[in-house]
Amino acid sequence: MEAAAFLSMSAGATSPSSCRRPDRMVVRIAIADDHPIVLSGLLNLVSTDNAFTVVASAPEGRAILTAIRQEKPDIAVLDLNMPGLSGLEVLAAIRLEALPTRVALLTATISDAQVFDAVANGAAALVLKEAAPETLMDCLHALAAGRNWLSGQEIQAALHREGQRRLRWQERSRSLTVRELQIVDLILKGASNKEIAYQLQVSDGTAKVHVHNIFQKLEVASRAELLELAAGQ
């Protein structure tokens, strides 16, 4: 979402579900985003709903993880891409340490691999920044009630595509040798055949043969197809 859209969050409008719930405790929220205007807009938006209270905020991943460890909020709203630690890395740490915080990842764009990793690491929600402010608030209410926010068709389609891609990679990469896996890693980093030859201390011709054999084993016809198949491996 553009910064201006997040500024509209602070205009004072509340979602229909934002009335106080006297029968429930106030839900404690932590928020992190590396863009100051976005972070301010999020803080203002959440503050319009007296069902929630913000107990921590930060502009980067390491700081918000430290705050989450200290405050143990009920919900953390994390920007997917932050300096220090990404939202996915903070999510993984929360899961590893068995912290009681449910995580909603907020992002402008997200790849299929990131969707898959987010769900695998226990994300309770994925929200695009292009969504309306009410969508985020409805999401927070759903999380506070113990529900997830992962049922959208786009999310399910991304999970299916990424699951199928990872399965294809696992099946096809079994036949690769250690040296060939090393070459795949170099290709993923953008190395040319000449650069591969230099890194492995072999001739250009030998490097070219290795790449050809890898293409055959992985059933790809180009580096672009290899990158698509092996992305994130």
Side-chain angles (χ1 to χ4, degrees), residues 61 65 76-82 85-99 101-131 135 139 142-143 146-193 195-196 199-200 202 206-233:
L65 180 57
V77 179
L78 307 176
D79 185 18
L80 184 67
N81 299 302
M82 295 185 291
L85 292 173
S86 70
L88 275 175
E89 289 171 321
V90 175
L91 170 65
I94 289 172
R95 183 188 184 198
L96 181 65
E97 298 174 29
L99 298 173
T101 302
R102 309 193 75 204
V103 173
L105 290 172
L106 189 65
T107 182
T109 60
I110 188 167
S111 67
D112 288 355
Q114 288 173 320
V115 171
F116 195 97
D117 288 340
V119 174
N121 278 289
L126 294 172
V127 181
L128 292 176
K129 289 184 177 180
E130 67 185 24
T135 299
C139 168
L143 266 58
R147 300 191 301 274
N148 288 343
W149 194 268
L150 298 167
S151 59
Q153 290 184 351
E154 291 183 2
I155 291 175
Q156 296 305 312
L159 289 173
H160 177 74
R161 288 192 300 267
E162 181 63 10
Q164 291 298 308
R165 185 198 66 77
R166 294 190 184 204
L167 182 60
R168 288 195 301 273
W169 167 256
Q170 290 173 0
E171 291 175 344
R172 298 179 189 179
S173 65
R174 288 192 187 116
S175 62
L176 295 180
T177 66
V178 173
R179 172 54 63 90
E180 287 169 341
L181 286 170
Q182 184 181 5
I183 293 171
V184 168
D185 183 60
L186 290 171
I187 293 173
L188 293 178
K189 293 176 180 176
S192 65
N193 286 355
E195 290 168 331
I196 291 171
Q199 289 285 337
L200 302 182
V202 298
T206 298
K208 186 174 181 180
V209 169
H210 278 309
V211 171
H212 175 74
N213 290 340
I214 289 168
F215 280 15
Q216 285 193 317
K217 289 182 178 181
L218 294 180
E219 301 176 32
V220 298
S222 65
R223 288 175 180 246
E225 288 186 16
L226 188 152
L227 290 171
E228 181 179 353
L229 175 65
Q233 303 303 324

- Could you give me the CA-CA distance, side-chain angles and deciding distance for L227 and L188, then say whether side chain to side chain contact (heavy atoms under 4.5 Å, CB included) is met? CA-CA 6 Å; L227 290 171; L188 293 178; 3.4 Å; yes
The single option from D79, L65, T101 that satisfies side-chain contact (heavy atoms from CB on, under 4.5 Å) with V90 is L65
Here the pair of heavy atoms bringing A118 nearest to L105 is CB-CD1, 3.6 Å
Rounded to the nearest 0.5 Å, the CD1 atom of I214 sits from the OG atom of S173 at a distance of 11.5 Å
The reported gap from OG1 in T206 to CZ in R179 (rounded to nearest 0.5 angstrom) is 10.0 Å
Taking atom CD of Q156 as the centre, does the number of heavy atoms from other residues, nucleotides or ligands within less than 6.0 Å exceed 12? yes
E219 meets the side chain to side chain contact (heavy atoms under 4.5 Å, CB included) criterion, sequence neighbours left out, with R172
Nearest heavy-atom approach of L186 to Q199 is CD1-CB, 4.0 Å
To the nearest 0.5 Å, atom CD1 of I110 lies from atom CG of L88 at 6.5 Å
Shortest non-hydrogen pair, V184 vs W169, comes out as CG1-CH2, 4.0 Å
Distance col, row I187:CD1 vs N193:CG, nearest 0.5 angstrom, shows 7.0 Å
- prompt: Are side-chain heavy atoms of N81 and Q114 found at a separation under 4.5 Å?
  reply: yes
K217 meets the side chain to side chain contact (heavy atoms under 4.5 Å, CB included) criterion, sequence neighbours left out, with S175, L176, T177, E180
One should read off an interatomic distance between F116 CZ and N121 CG, to the nearest 0.5 angstrom, of 10.5 Å
Shortest non-hydrogen pair, L80 vs S86, comes out as O-CB, 3.4 Å
- Inspect the surroundings of CD in E228 and state if more than 12 heavy atoms from other residues, nucleotides or ligands are less than 6.0 Å away. no
Donor-acceptor pair, distance only, cut-off 3.5 Å: does the side chain of R102 make one with the backbone of L143? yes
Residues passing the side chain to side chain contact (heavy atoms under 4.5 Å, CB included) test with E195, sequence neighbours excluded, are A191, S192
Nearest heavy-atom approach of V127 to C139 is CG2-SG, 3.8 Å
- request: Evaluate the side chain to side chain contact (heavy atoms under 4.5 Å, CB included) criterion for residues I196 and H210: first the C-alpha distance (whole Å), next the side-chain angles of each, then the deciding distance (0.1 Å), finally the verdict.
  value: CA-CA 10 Å; I196 291 171; H210 278 309; over 6 Å; no
| request: Assess whether side chain to side chain contact (heavy atoms under 4.5 Å, CB included) is satisfied between D117 and E162, documenting all intermediate values. | output: CA-CA 10 Å; D117 288 340; E162 181 63 10; over 6 Å; no
- Message: Is there a side chain to side chain contact (heavy atoms under 4.5 Å, CB included) between L126 and T107? Walk through the geometry before answering.
- Response: CA-CA 8 Å; L126 294 172; T107 182; 6.0 Å; no
Contacts of R168 meeting side-chain hydrogen bond (donor to acceptor under 3.5 Å, both in side chains) (sequence neighbours excluded), chain-then-number -> none
With sequence neighbours left out, the residues meeting salt bridge (Lys or Arg N to Asp or Glu O under 4.0 Å) with R161 are D112
| task | Using atom types as modelled and distance alone, determine if a side-chain donor or acceptor of R95 lies under 3.5 Å from a backbone N or O of A120. | result | yes
Contacts of T135 meeting side-chain hydrogen bond (donor to acceptor under 3.5 Å, both in side chains) (sequence neighbours excluded), chain-then-number -> none
In terms of heavy-atom contacts, W149 and A142 come closest through CE3-CB, 3.7 Å
